[in-house]
Amino acid sequence: MDHHGHTPVNPWKQAISATLHCLTGCAIGEVLGMVIGTALGWSNLATVVLSIALAFVFGYSLTVGPVLRAGVPAARALRIALAADTVSITVMEIVDNGVMLVVPGAMDAGLASALFWLALAFSLVVAFALTVPVNKWLIGRGKGHAVVHSYHHH
């Protein structure tokens with residue numbers, strides 16, 4: 001127990017939890033963006049921009065919801081979500097879109113192709129693995145998901 005009478009949380013477990021939270025929002029936005037852009041025959045750039053935009057929208061919304069339910073006013077809840085998730089979502093989006101762009105043929109494979117879906121799944125796994133240590137570092141400094149952690153338990 002710490003000096004406040006709480007059992008300390010394992011920082012790696014907290015980072016994994018924060019990254020899974022981030023991955024959920026990012027994956028929803030990423031998959032939706034890739035599906036829409038690919039189905040509409042958009043360029044790789046337009047598809048990636050849509051995927052990133054949707055990943056941020058869904059990522060932030062998954063944080064704002066519980067904070068609002070904790071009774072925090074909307075403007076403050078949005079600021080909390082921005083402080084909590086921006087770095088994590090940014091790292092995740094750079095990595096998963098980067099992987100999609102470097103896997104040969106993945107962006108042009110089409111929705112019916114196993115290559116598209118396997119590359120997308122692989123990109124999210126790589127993004128998760130590389131974002132966990134970033135979140136651990138942020139949480140250890142009282143930043144990132146540490147900012148929002150207390151609101152998730154109201």
Side-chain angles (χ1 to χ4, degrees), residues 2-40 42-102 106-107 116-117 119-154:
D2 66 16
H3 62 280
H4 298 291
H6 299 106
T7 303
V9 177
N10 177 316
W12 283 107
K13 281 186 177 179
Q14 197 174 4
I16 289 168
S17 174
T19 308
L20 284 171
H21 173 92
C22 178
L23 179 68
T24 302
C26 287
I28 293 167
E30 189 71 28
V31 170
L32 192 57
M34 289 288 171
V35 167
I36 291 169
T38 302
L40 296 177
W42 288 5
S43 70
N44 289 349
L45 177 62
T47 299
V48 166
V49 168
L50 177 63
S51 293
I52 291 170
L54 291 174
F56 275 93
V57 167
F58 283 99
Y60 289 139
S61 67
L62 289 178
T63 296
V64 167
V67 175
L68 287 172
R69 285 191 293 280
V72 176
R76 184 159 177 247
L78 182 58
R79 285 192 305 274
I80 290 167
L82 292 171
D85 293 338
T86 299
V87 172
S88 183
I89 294 171
T90 299
V91 170
M92 193 160 284
E93 287 306 296
I94 288 169
V95 174
D96 68 36
N97 283 288
V99 169
M100 283 300 290
L101 290 169
V102 300
M107 292 293 292
F116 174 83
W117 293 105
L120 187 54
F122 175 69
S123 75
L124 292 169
V125 169
V126 172
F128 175 82
L130 295 178
T131 306
V132 168
V134 172
N135 279 327
K136 181 184 178 293
W137 182 82
L138 288 167
I139 290 166
R141 281 146 189 78
K143 308 277 186 212
H145 222 269
V147 173
V148 76
H149 185 72
S150 64
Y151 297 103
H152 282 270
H153 300 291
H154 280 80

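Small disclaimer: the values here were computed from a predicted structure and weren't measured. Position 1 is the first residue of the sequence, and the numbers go up from there.
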What's the spacing between Asp96 CG and Phe122 CZ if we round to 0.5 Å? 11.5 Å
Looking only at heavy atoms, what is the nearest atom pair of Leu138 and Val87, with distance? CD1-CG1, 3.7 Å
Write out all pairs satisfying side chain to side chain donor-acceptor pair (under 3.5 Å) with one or both partners inside residues 44-56, taking only residues at least two apart or from two chains. none
Val48: side-chain contact (heavy atoms from CB on, under 4.5 Å) partners, not counting sequence neighbours: Met34, Ile52, Asn97, Leu101, Met107
Sequence neighbours excluded - side chain to side chain donor-acceptor pair (under 3.5 Å) pairs with any residue from residues 123-137: Thr19-Asn135, Ser88-Asn135
Pair His21, Asp85 - check side chain to side chain contact (heavy atoms under 4.5 Å, CB included), show working. CA-CA 10 Å; His21 173 92; Asp85 293 338; 4.3 Å; yes
Trp12 versus Val132: any side-chain heavy-atom pair under 4.5 Å? yes
Ring pair (Phe, Tyr, Trp, His ring centres under 6.0 Å): pairs with one or both residues in residues 59-88, sequence neighbours excluded: Phe56-Tyr60
Least distance between heavy atoms, Ile139 atom then Ala18 atom: CD1-CB, 4.1 Å
Please report the shortest heavy-atom distance between Val95 and Ala127, naming the atom on each side. CG1-CA, 3.5 Å
If you measure from CE on Met92 to SG on Cys22, what distance do you get to the nearest 0.5 Å? 4.0 Å
Ala121: what forms a side-chain contact (heavy atoms from CB on, under 4.5 Å) with it, not counting sequence neighbours? none
Search all heavy atoms of Ala55 against all heavy atoms of Glu30 and return the closest pair with its distance. CB-N, 4.3 Å
Residues Ala106 and Met100: closest non-hydrogen pair is CB-O, 3.7 Å
In Å and rounded to the nearest 0.5 Å, what is the OG1 to CZ distance from Thr24 to Phe58? 12.5 Å
To the nearest 0.5 Å, atom CD1 of Ile80 lies from atom CG of Leu68 at 9.0 Å
According to side-chain contact (heavy atoms from CB on, under 4.5 Å), who are the partners of Ala27, at least two apart in sequence or on a separate chain? Leu124
In this structure, CG of Leu54 is separated from CG of Leu32 (nearest 0.5 Å) by 5.5 Å
